[in-house]
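Written out below as structure tokens is the structure these notes cover.
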Amino acid sequence: MKFGETFTEYLHGDQERFLDKCSHVEYKRLKKVLKSCRTLCDHMFFSELMKEASDIAGCFSSRARHLLHLHVASGMQRYVLRIRQCFKNDQTAMIEEGRVLIEYIIMNAIAIRKILKKYDKVHKSVNGKNFKSKMRAEHIELLQSPWLIELGAFYLNFNGLNCGASSEFSGHFSFDFNASRPVMTLALPSSIKLEYDLTCAVCLDLVFNPYALSCGHLFCKLCACSAASVMVFEGLKSASPDSKCPICREAGVYAKAVHMLELDLLVKRRFKEYWKERLIAERAEMVKQSKEYWDLQTISAVGY
Ligand SMILES: [Zn+2]
Ligand SMILES: [Zn+2]
Ligand SMILES: [Zn+2]
């Protein structure tokens, strides 16, 4: 089946019930625009596509945030308990919504890739390819969303409960820690594999209590705080807007960092001992830092 047909089928599938307020890539319309480009070029193409992509990214992150927040907000321990106790129906509904969201982002990401390829073919240009880098720079590259990693972790956290419902459109998440570096893999329907590296670039270990900065890079909270020169107890929100990501050197990426609670839960469940060790170390560091902080306050208050 051609992608256009697959996409149409997807649009008329069960996503309609869940995502009635979310926009999709207007694949058919954009294809028509490209067709007319052969005679007269429409210069609105990229600005329209940019708007669509940012709408989709926005809708996806707010829906994913909402879904995951519902179940983590009340605290990790209770969350785990609640999963065990919660009614089968609730579980199924949650997983179903997670699946629909993953599918939403994958299908639209593929649609964008396809339409950009067509653009370059019609125009004999590399503008379509360049547009991809622009999307990455604007943080609306759909498959790089930290919320996709969170949903993947959410999915894997349900593993063992035998609820891994999937459809022909959704990808498949897996988790591999036996390799030289920890990765989460997302296998797309078109046999493309995406790898998300879960190594913290500061401590070079599996992320603990992870945060995703706006640029998409993942770090342990402790490591991100030290990179931004803030105390752990102050949190990443107090980072200066000039603080840069240690990997890509982009500034202003701390204020809207995403706390990756599902990923943390996944690490906790799969690597209990490691997780506990890191927790103890984080607490010790926090105590040390607050002691230093108060000592400093006292010195400045007393004056010596
Ligand atoms: Zn054109
Ligand atoms: Zn780290
Ligand atoms: Zn970065």
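Start at 1 and go down the list; that is how both ligands and their atoms are numbered.
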Relative to each other, are the rings of Tyr27 and Phe3 parallel, tilted or perpendicular (30° and 60° limits)?
perpendicular
Measuring from the Zn ion (ligand 3), count protein N/O/S atoms under 2.8 Å, please.
4
Under 3.5 Å donor-acceptor, Ser243 side chain and Ala239 backbone:
no
Side-chain ion pair, [X] and [Y], N-O less than 4.0 Å:
{"X": "Lys124", "Y": "Asp120", "answer": "no"}
{"X": "Arg29", "Y": "Glu52", "answer": "yes"}
{"X": "Glu138", "Y": "Lys134", "answer": "no"}
{"X": "Lys31", "Y": "Glu26", "answer": "no"}

For the Zn ion (ligand 1), which protein N/O/S atoms fall under 2.8 Å? Skip waters.
Cys37 SG, Cys41 SG, His123 NE2
Candidate list Asp197, Leu198, Leu194, Leu148, test side-chain contact (heavy atoms from CB on, under 4.5 Å), partner Met184, passing option
Leu198
Cys223 atom SG and Cys200 atom SG as seen from the Zn ion (ligand 2), angle to 10 degrees
110°
Trp147 and Phe60: CA distance, side-chain angles, deciding distance, ring-ring contact (aromatic ring centres under 6.0 Å, His included) verdict
CA-CA 8 Å; Trp147 289 106; Phe60 175 69; 8.1 Å; no
Check step by step if disulfide (SG to SG under 2.5 Å) holds for Cys215 and Cys245.
CA-CA 8 Å; Cys215 53; Cys245 166; 3.7 Å; no
Can you tell me if His259 and Asp264 form a side-chain donor-acceptor pair at under 3.5 Å?
no
